[in-house]
2 protein chains.
Amino acid sequence: MNDLARTPRQIGTIIQRARKKRGWTQTQLAERAGLRQATISLIESGEKPAKLDSILAVLAALDLEFRVGERSKGAGRHIEELF
Amino acid sequence: MNDLARTPRQIGTIIQRARKKRGWTQTQLAERAGLRQATISLIESGEKPAKLDSILAVLAALDLEFRVGERSKGAGRHIEELF
DNA sequence: ACAAATTATGCGCCAAAGCGTATATTGGCC
DNA sequence: GGCCAATATACGCTTTGGCGCATAATTTGT
């Protein structure tokens with residue numbers, strides 16, 4: 001994978017795609033991440049900035065993780081390019 | 001680069017390394033990220049969970065970015081895996 | 001089209017991140 | 001040791017993310 005995640009919205013989109021890929025509902029993901037369905041909804045929309053802990057919990061529940069790399073070194077894809 | 005970042009502490013360590021690599025003080029980084037020196041100190045220690053926005057601002061100031069990838073898989077990725 | 005499931009919002013509340021300011025504490029360097 | 005830059009803490013205050021609970025709004029399946 002290695003999707004670029006520079007903004008809360010990009011992160012939300014990535015999370016949503018990963019969740020649907022697993023066939024999970026927001027409620028199911030919320031349970032696994034120890035959050036509420038409403039919180040998942042907000043995170044996926046990216047409109048309200050979340051806490052780092054919440055994002056990390058969601059990523060872990062999806063078996064995903066952050067990696068930190070230098071910008072503009074083309075090691076990832078922009079999520080917008082997907083459709 | 002592409003450093004693993006699963007916990008706030010790991011993220012803080014990465015940020016600190018990148019900052020020192022650039023020869024910046026916490027105060028300088030704070031100015032560029034629109035935060036306080038004290039906040040940078042807390043983020044680098046990773047002891048107090050920060051807000052996602054703060055982390056993203058710091059990464060951007062350091063010309064870094066998050067990438068999201070599957071756990072337990074190497075950094076250099078096969079694009080074919082995605083579909 | 002209808003019912004069921006899923007997702008998006010609303011409201012009051014609490015905990016805490018970040019702020020401003022200021023002060024310890026540490027670390028280099030001469 | 002002594003001095004100054006750099007970093008870690010402190011306190012009161014404001015803002016807000018996430019909660020519980022609930023309900024709209026939307027999507028999906030038959």
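Since we're looking at a predicted model, the values are computed, not measured. No hydrogens, no waters, no symmetry mates; every other heavy atom, side chains included, goes into these values. Naming convention: chains lettered A, B, ... in sequence-line order (proteins, then strands); numbering from 1 in each chain.
Salt bridge annotation for R22(A)-D63(A): absent, with no cationic side-chain nitrogen under 4.0 angstrom from a carboxylate oxygen.
Here I40(A) lies out of heavy-atom contact (under 4.0 Å) with every strand.
Of the two residues contacting DNA chain C, namely S54(B) and T25(A), the nearest-nucleotide position lying further toward the 5' end is that of T25(A).
Formation of a donor-acceptor pair under 3.5 Å by the R67(B) side chain with backbone atoms of L4(A) is not found in this model.
Sorted by first then second residue, the salt bridge (Lys or Arg N to Asp or Glu O under 4.0 Å) pairs that include residues 30-39 of chain B, not counting sequence neighbours, number zero.
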* Start with the C-alpha distance between R9(B) and E47(B), add both sets of side-chain angles, then the distance that settles side chain to side chain contact (heavy atoms under 4.5 Å, CB included), and finish with yes or no. => CA-CA 7 Å; R9(B) 180 169 309 242; E47(B) 288 171 10; 3.9 Å; yes
* **Test side chain to side chain contact (heavy atoms under 4.5 Å, CB included) applied to L29(B) and I15(B), step by step** => CA-CA 10 Å; L29(B) 176 55; I15(B) 287 173; 4.2 Å; yes
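The terminal axes of the helix from dA1(C)-dT30(D) to dC30(C)-dG1(D), fitted over 5 pairs per end, subtend an angle of 70° to the nearest 10°.
Shown here are the side-chain hydrogen bond (donor to acceptor under 3.5 Å, both in side chains) partners of Q16(B), two or more places apart in sequence or in another chain: E44(B).
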Identify each atom pair where a protein N or O and an N or O of nucleotides 21-28 of chain D are less than 3.5 Å apart, giving names and distance.
residue	atom	partner	partner atom	Å
dC21(D)	N4	R36(A)	NH1	2.9

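Bracketed by its first and final contacts, the part of DNA chain C lying under 4.0 Å from non-hydrogen atoms of chain A reaches from dT6(C) to dT9(C) in 5' to 3' order.
The CZ atom of R71(A) sits 4.0 Å away from atom CZ of R6(A), with the distance rounded to the nearest 0.5 Å. Rounded to the nearest 0.5 angstrom, K48(A) NZ and I43(A) CD1 are separated by 12.0 Å.
Of the residues in residues 42-53 of chain B, not one comes within less than 4.0 Å of DNA chain D through any heavy atom.
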